[in-house]
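What follows is a set of notes on a single structure, which appears directly below.
Heavy atoms only: backbone and side chains are in, while hydrogens, waters and symmetry mates are out. As the structure is a computational prediction, the values presented were derived from the model and not from experiment. By convention in this document, chain letters (A, B, ...) are assigned in the order of the sequence lines, proteins followed by strands, and residues within each chain are numbered from 1.
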2 protein chains.
Amino acid sequence: MLPQGTQRHLGKHSGVTLSLNVNPTVESAVESAVDHRKGPRRRGEELERAILTAALEELTEVGYAGLTMERVAARARTSKAVLYRRWPGRAELVVDACKLRAVSDVDVPDTGALRTDVISLLQQVSAKMASALGGILRGLIAEMTRDPDFARMIRERVHTVGPATIHIILERAVERGEVEPWILESRRATVAIDLLRNQFLLYGAPVEDEVIRDIVDDVYLPLVLSPAPNRQAERALCDGLSS
Amino acid sequence: MLPQGTQRHLGKHSGVTLSLNVNPTVESAVESAVDHRKGPRRRGEELERAILTAALEELTEVGYAGLTMERVAARARTSKAVLYRRWPGRAELVVDACKLRAVSDVDVPDTGALRTDVISLLQQVSAKMASALGGILRGLIAEMTRDPDFARMIRERVHTVGPATIHIILERAVERGEVEPWILESRRATVAIDLLRNQFLLYGAPVEDEVIRDIVDDVYLPLVLSPAPNRQAERALCDGLSS
DNA sequence: CGGTTAAAGAACTGTCAGTTCTCTAATAGA
DNA sequence: TCTATTAGAGAACTGACAGTTCTTTAACCG
């Protein structure tokens with residue numbers, strides 16, 4: 001309505017009003033209707049934690065696409081300007097929020113056999129997808145798909161499930177002689193995680209144990225295990241051991 | 001500012017203004033400043049095609065996430081209300097726009113051998129991803145990831161690359177004896193397309209022929225071809241045939 | 001205590017979703 | 001041809017939000 005420049009003039013008008021200390025009743029009435037800036041303020045880490053926590057709560061409720069700076073600020077009971085002093089935009093804020101919560105962290109299984117390692121890993125990831133984090137993950141994966149820059153940011157700054165974890169598992173399998181070393185450089189290495197992600201995105205969570213075993217036994221193990229004279233017999237032996 | 005109800009009153013005021021036909025100069029000045037509703041109008045299919053074309057152009061320039069009803073309407077030189085008379089929201093408009101352009105259509109290859117069929121299909125898809133459609137595809141895949149309802153809408157109403165096409169190819173391979181019938185029901189069937197999509201989403205377009213051959217020869221064929229006494233010898237034979 | 005920094009809140013401009021209203025170009029039917 | 005109906009085009013509206021600027025004043029430090 002009025003140009004931005006005239007705000008200063010209005011501020012001076014407020015100053016004039018505040019000079020009416022001779023009548024406390026009038027001053028309180030004016031202040032109550034206009035300005036609420038008095039009160040305890042947070043600074044530094046305490047404030048940032050409150051903001052990141054609010055962001056995570058918004059992520060859980062509305063996903064990445066639905067998250068707004070305005071609502072994060074309101075939830076954290078701070079002002080948008082405070083957010084923009086620290087984070088240039090939504091993406092950076094969300095990345096930091098995910099780091100706080102360790103959204104993507106999993107334990108590296110070490111069961112002594114490749115099959116059970118991979119099944120354990122996929123089960124961990126599936127459980128995470130089925131938790132309150134599932135919606136966050138879906139939104140993050142979608143945004144990574146849409147925006148390669150965001151994907152890079154997440155990969156660089158947030159530890160992600162995938163290549164790193166699966167490679168550790170495969171390295172151990174190589175040491176045990178279950179897998180040949182060239183598999184580590186092959187596209188085959190990450191197929192299990194690729195298919196699990198696919199399943200999650202197409203059919204939602206939870207991904208049942210049966211599906212996980214199918215991915216591992218039907219697709220992944222035939223791809224990565226060292227050649228054997230009779231593959232079907234080997235599979236039957238694995239099934240027997242797991243029962 | 002004023003309640004919606006008072007619009008009617010303003011309209012009546014306009015009517016009063018238009019009654020000043022006795023002075024054409026005054027009327028032209030008032031009309032030029034107020035209302036531009038005179039002029040030829042499109043109806044039916046011509047109008048819908050203009051809208052869908054505008055939507056496709058916006059999709060190409062800004063992707064799904066950046067597309068707005070307001071800008072589609074402006075680009076099609078129509079009003080938002082006209083859009084909302086036909087489509088409840090963005091998603092439905094975009095789905096119809098993609099149908100118009102046959103965004104996802106590919107020809108089903110029939111080369112006489114599974115390997116060359118699959119390579120041809122993946123090359124077709126890769127070329128499409130590298131075209132102006134690549135950005136549209138990226139945006140659509142992201143939105144399908146984010147919103148399962150949107151994914152269902154796309155799958156039901158737009159012919160999509162993937163399961164259907166690969167199944168036709170596999171059925172022919174079954175008839176030729178290259179593939180056993182149980183593969184059609186297995187998760188293995190769609191692994192090639194899954195990995196191609198992965199490659200596109202992680203590393204962009206184009207997906208090089210070398211990568212496609214890697215996906216097919218290293219991962220897919222070992223998974224789906226009928227067992228043979230010596231797989232390596234068979235692979236060498238295929239390589240020889242393609243040279 | 002005084003000066004500086006930055007938090008909290010207000011206010012601003014512009015864009016957009018979704019909606020309602022008005023004027024009037026098309027169309028259909030008598 | 002005329003009349004009534006439909007719907008297109010544009011205007012205007014409310015509310016939400018991005019990003020920004022300004023003001024007041026709570027913290028903090030020397």
Side-chain angles (χ1 to χ4, degrees), chain A residues 1-19 27 30-48 50-51 58 62 65-74 76-91 93, chain B residues 1-19 30-48 50-51 58 62 65-91 93:
Chain A
M1 194 167 291
L2 296 178
Q4 187 87 290
T6 61
Q7 263 199 358
R8 189 163 293 173
H9 181 67
L10 292 175
K12 282 179 176 172
H13 177 69
S14 298
V16 172
T17 303
L18 288 176
S19 69
E27 181 193 355
V30 172
E31 180 182 332
S32 172
V34 175
D35 206 333
H36 302 273
R37 249 166 298 202
K38 298 184 187 300
R41 303 180 186 185
R42 296 150 302 180
R43 276 181 163 243
E45 194 174 308
E46 179 193 4
L47 177 61
E48 279 166 31
I51 293 168
E58 284 289 314
V62 299
L67 180 135
T68 69
M69 299 297 264
E70 185 154 330
R71 280 210 314 278
V72 169
R77 274 181 288 108
T78 187
S79 86
K80 282 192 286 183
V82 170
L83 265 54
Y84 284 109
R85 284 173 64 93
R86 293 166 166 72
W87 295 284
R90 258 185 352 145
L93 172 62
Chain B
M1 189 170 289
L2 296 176
Q4 187 87 286
T6 60
Q7 262 200 1
R8 190 164 293 173
H9 181 69
L10 292 176
K12 280 178 179 173
H13 178 70
S14 299
V16 172
T17 305
L18 288 177
S19 68
V30 173
E31 183 180 330
S32 172
V34 175
D35 206 335
H36 303 273
R37 244 165 303 204
K38 297 184 188 301
R41 303 180 186 186
R42 297 149 302 179
R43 274 180 165 244
E45 195 173 307
E46 180 193 5
L47 176 62
E48 279 167 33
I51 293 168
E58 285 288 313
V62 299
L67 179 135
T68 69
M69 297 298 261
E70 187 153 324
R71 280 210 313 280
V72 170
R75 179 168 246 175
R77 275 181 287 103
T78 188
S79 85
K80 283 191 285 181
V82 170
L83 265 55
Y84 284 109
R85 282 171 68 91
R86 291 164 169 72
W87 296 281
R90 255 185 354 146
L93 171 63

- Item | 4.5 Å side-chain heavy-atom contact, B/Leu47 and B/Arg43 | no
- Query: Looking only at heavy atoms, which two atoms of B/Glu70 and B/Lys80 are closest? And how far apart?
  - Reply: OE1-NZ, 3.2 Å
- Among C/dA17, D/dA26, D/dC17, the one nearest any side-chain atom of A/Lys38 is D/dA26
- Task: Please answer whether the main-chain N or O of B/Gly66 pairs with a side-chain N or O of B/Arg71 as donor and acceptor at a distance below 3.5 Å.
- Result: yes
- Would you check if A/Arg42 and A/Glu48 make a side-chain contact, meaning some heavy-atom pair closer than 4.5 Å? no
- Item | Nearest-Å distance for atom pair CD/P, residues B/Glu46 and C/dA25 | 17 Å
- At their closest point, which heavy atom of A/Ser79 faces which heavy atom of A/Ala73, and how far apart are they? C-CB, 4.0 Å
- Query: Nearest heavy-atom pair of B/Leu93 and B/Met69: which atoms, and what distance?
  - Reply: CD2-SD, 3.9 Å
- Query: Can you tell me how far C1' of D/dG8 sits from CD of B/Glu48, to the nearest Å?
  - Reply: 12 Å
- Over all heavy atoms of both residues, which pair between B/Ala50 and B/Ala76 is shortest? Give the atoms and the distance, please. O-CB, 3.9 Å
- Message: Can you pull out the residues from residues 78-86 of chain B that lie within a 4.0 Å heavy-atom distance of DNA chain D?
- Response: B/Thr78, B/Ser79, B/Val82, B/Arg85, B/Arg86
- Task: Answer yes or no: are there more than 12 heavy-atom neighbours, outside A/Arg86 itself, under 6.0 Å from its atom CZ?
- Result: yes
- Considering non-hydrogen atoms only, spot the tightest contact between A/Val72 and A/Leu83 and give its length. CG1-CD2, 4.0 Å
- Whole angstrom value for the distance that separates P of C/dA10 from CD of A/Glu70: 12 Å
- Query: Given side chains that start at C-beta, do those of B/Ile51 and B/Val82 come closer than 4.5 Å, heavy atoms only?
  - Reply: yes
Which protein N or O atoms sit under 3.5 Å from an N or O of nucleotides 2-5 of chain D?
none

- Atom CZ of A/Arg77 and atom P of D/dA26 are separated, to the nearest Å, by 17 Å
Restricting both atoms to N or O, compile the protein contacts to nucleotides 27-30 of chain D shorter than 3.5 Å, with distance only.
residue, atom, partner, partner atom, Å
D/dA27, OP1, A/Arg41, N, 2.5
D/dA27, OP1, A/Arg41, O, 3.4

- Message: Using heavy-atom distances to pick each residue's nearest nucleotide on DNA chain C, tell me which of A/Gly44 and B/Arg90 is more 5'.
- Response: A/Gly44
- Could you state the CG-P distance from B/Leu67 to C/dG18, rounded to the nearest angstrom? 12 Å
- Rounded to whole Å, CG of A/Leu47 lies from P of C/dT5 at a distance of 18 Å
- Query: Starting at CD of A/Glu58 and ending at C1' of D/dC17, how long is that distance when rounded to a whole Å?
  - Reply: 13 Å
- Task: Check for a donor-acceptor pair, side chain of B/Arg90 on one end and backbone N or O of B/Leu67 on the other, with a separation under 3.5 Å.
- Result: yes
- Item | d(CH2, A/Trp87; C1', C/dA7) in whole Å | 13 Å
